[in-house]
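Numbers restart at 1 for each chain; the letters A, B, ... are given by sequence-line order, proteins then strands.
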Protein chains: 2
Amino acid sequence: MKTIEEDNKRTEIFKVLSDINRLQMIRILYKSHREMTCSEVGEKLNISKSTVSYHFKLLRSVGLTNTRREGQNKYLSINLVTFKIYLPGFLETL
Amino acid sequence: MKTIEEDNKRTEIFKVLSDINRLQMIRILYKSHREMTCSEVGEKLNISKSTVSYHFKLLRSVGLTNTRREGQNKYLSINLVTFKIYLPGFLETL
DNA sequence: TCTATAGTTTGATAACTAACGAACTATGAA
DNA sequence: TTCATAGTTCGTTAGTTATCAAACTATAGA
């Protein structure tokens, strides 16, 4: 039997992926096969930088993305482990 | 390239699964390997019948469940096709 | 027809979410 | 130290969501 904590984790991940901007962020990162900066992704989606930051924070908070600082930039990438555990096969449907 | 309609469908499905009661409804239906009535599921989750009806309507609206009327009862079951298309491998993680 | 049971819809409410600009923090370059 | 760039946090606002009781609809049985 699964614990309530595990289910809360699941529903949090679904909530984070239930926004069209965040879904597209994940697709962009996944399809590009590389890290990208916040502003790089933000430009593609045509939303303000504060909104981009807000969405990236949510993605990170549930472990869907990794962040790596380098100078002024912060590079984001897909956390494949989380997807494998909670949504196996999903990325391939994008 | 995926269409915006497909992405809207994806995010709607995630939104529906981002609630703890609906996630548990899906698990109960999946694990039981049978159809169940609204009140049967509602009793297990200890929420009012109007709330159960509300959640079931959402599950149905995105095609995650099937409904079959028989007399006074409505029987619900998992729609495996939708899960296979949009969330392959997910049900097995429950 | 009347009654009971199963489920839906309505109306209200409290809590939450996405969006923006403005202000702020952090790092690097001149 | 001053300036510029990248990203975060704050405050606000409009829109959405989960919940319940009450009223309603639909079906079956007496």
Side-chain angles (χ1 to χ4, degrees), chain A residues 4 7-29 32 34-77 79, chain B residues 4 7-29 32 34-77 79:
Chain A
I4 187 72
D7 275 356
N8 285 333
K9 176 77 179 181
R10 277 169 222 274
T11 53
E12 273 184 33
I13 287 175
F14 282 132
K15 189 168 291 176
V16 166
L17 289 173
S18 72
D19 179 272
I20 192 81
N21 280 323
R22 292 191 291 267
L23 179 66
Q24 289 179 339
M25 287 171 176
I26 290 295
R27 173 180 287 126
I28 288 169
L29 288 171
S32 71
R34 63 182 176 87
E35 298 174 308
M36 296 178 93
T37 63
C38 295
S39 33
E40 198 176 359
V41 180
E43 275 169 29
K44 288 181 187 288
L45 297 178
N46 209 36
I47 51 181
S48 76
K49 63 178 184 170
S50 58
T51 303
V52 174
S53 183
Y54 165 71
H55 287 310
F56 276 165
K57 189 176 180 181
L58 288 178
L59 287 168
R60 247 182 293 121
S61 74
V62 296
L64 290 176
T65 56
N66 299 122
T67 312
R68 180 178 66 85
R69 166 143 242 150
E70 187 179 307
Q72 291 143 308
N73 297 306
K74 267 191 173 174
Y75 289 93
L76 278 102
S77 58
N79 186 341
Chain B
I4 188 72
D7 275 355
N8 284 334
K9 175 78 178 182
R10 277 168 223 275
T11 54
E12 273 184 34
I13 287 175
F14 282 133
K15 190 168 292 177
V16 166
L17 289 173
S18 72
D19 178 272
I20 192 79
N21 280 323
R22 292 192 291 266
L23 178 66
Q24 290 180 336
M25 287 171 175
I26 291 295
R27 173 179 288 125
I28 288 168
L29 287 170
S32 71
R34 64 181 175 86
E35 297 173 309
M36 295 178 93
T37 63
C38 296
S39 34
E40 197 177 358
V41 179
E43 275 170 27
K44 289 181 187 289
L45 297 178
N46 209 36
I47 51 181
S48 77
K49 64 178 185 171
S50 57
T51 302
V52 173
S53 184
Y54 165 71
H55 287 310
F56 276 164
K57 190 176 180 179
L58 288 179
L59 287 168
R60 247 182 294 121
S61 72
V62 294
L64 290 176
T65 56
N66 299 121
T67 311
R68 182 177 65 84
R69 165 142 242 153
E70 187 179 307
Q72 293 143 307
N73 297 307
K74 268 191 174 174
Y75 288 92
L76 280 102
S77 58
N79 185 342

How many whole angstroms separate atom CZ of A:Phe56 from atom P of D:dT9? 14 Å
Are B:Arg60 and B:Thr67 close enough, and set up right, to give a side chain to side chain donor-acceptor pair (under 3.5 Å), and what steps lead you there? CA-CA 8 Å; B:Arg60 247 182 294 121; B:Thr67 311; 3.0 Å; yes
Check this for me, if you would: do A:Arg27 and B:Asp7 make a salt bridge, where the nitrogen-to-carboxylate-oxygen distance has to be below 4.0 angstrom? yes
Without decimals, in angstroms, what is the distance between A:Asn46 CG and C:dA19 C1'? 13 Å
Just jot down the side-chain hydrogen bond (donor to acceptor under 3.5 Å, both in side chains) partners of B:Glu35, sequence neighbours excluded, or say none. B:Arg68
Strictly distance-based, threshold 3.5 Å: is any side-chain N or O of A:Ser61 a donor or acceptor partner for the main-chain N or O of A:Leu58? yes
So what does A:Leu76 touch, heavy atoms closer than 4.0 Å: a base, only the sugar-phosphate, or nothing? nothing
Using side-chain hydrogen bond (donor to acceptor under 3.5 Å, both in side chains) as the criterion, list what pairs up with A:Glu40, not counting sequence neighbours. A:Arg34
When rounded to whole Å, the CG to C1' distance for the pair B:Leu59 and C:dG7 reads 15 Å
Is the side chain of B:Asn73 donor-acceptor paired with the backbone N or O of B:Tyr75 at a distance under 3.5 Å, no angle test? no
Closest approach of B:Cys38 to B:Leu76 (non-hydrogen atoms, all atoms of both residues): SG-CD1, 3.6 Å
What does A:Tyr54 touch in the nucleic acid at a heavy-atom separation under 4.0 angstrom: a base, only the sugar-phosphate, or nothing? base
Under a 4.0 Å heavy-atom cut-off, which of residues 34-42 of chain B touch DNA chain D? none
Do any of residues 15-25 of chain A sit with a heavy atom less than 4.0 Å from DNA chain C, and if so which? A:Lys15, A:Asp19, A:Asn21, A:Arg22
Let me know the distance between NE2 of A:His55 and P of D:dT8, rounded to the nearest Å. 13 Å
All heavy atoms of B:Ile47 vs all of B:Met25, minimum pair found to be CD1-CE, 4.2 Å
Mark up nucleotides 21-28 of chain C, 5' to 3', with B wherever a protein heavy atom is under 4.0 angstrom from a base atom, S wherever such an atom reaches only the sugar-phosphate, and - elsewhere. BB----BS
Shortest non-hydrogen contact from A:Ile20 toward B:Ile4: CD1-CD1, 4.1 Å
Considering every strand and a 4.0 Å limit on heavy-atom distances, what is the contact class for A:Arg60: base, sugar-phosphate, or nothing? sugar-phosphate
In whole angstrom, what separates A:Leu58's CG from C:dA19's P? 11 Å
Which distance, rounded to the nearest 0.5 Å, do you find between the OG of B:Ser18 and the CD1 of A:Ile13? 12.0 Å
Check side-chain hydrogen bond (donor to acceptor under 3.5 Å, both in side chains) between A:Thr51 and all other residues, then give those that pass, not counting sequence neighbours. A:Ser48
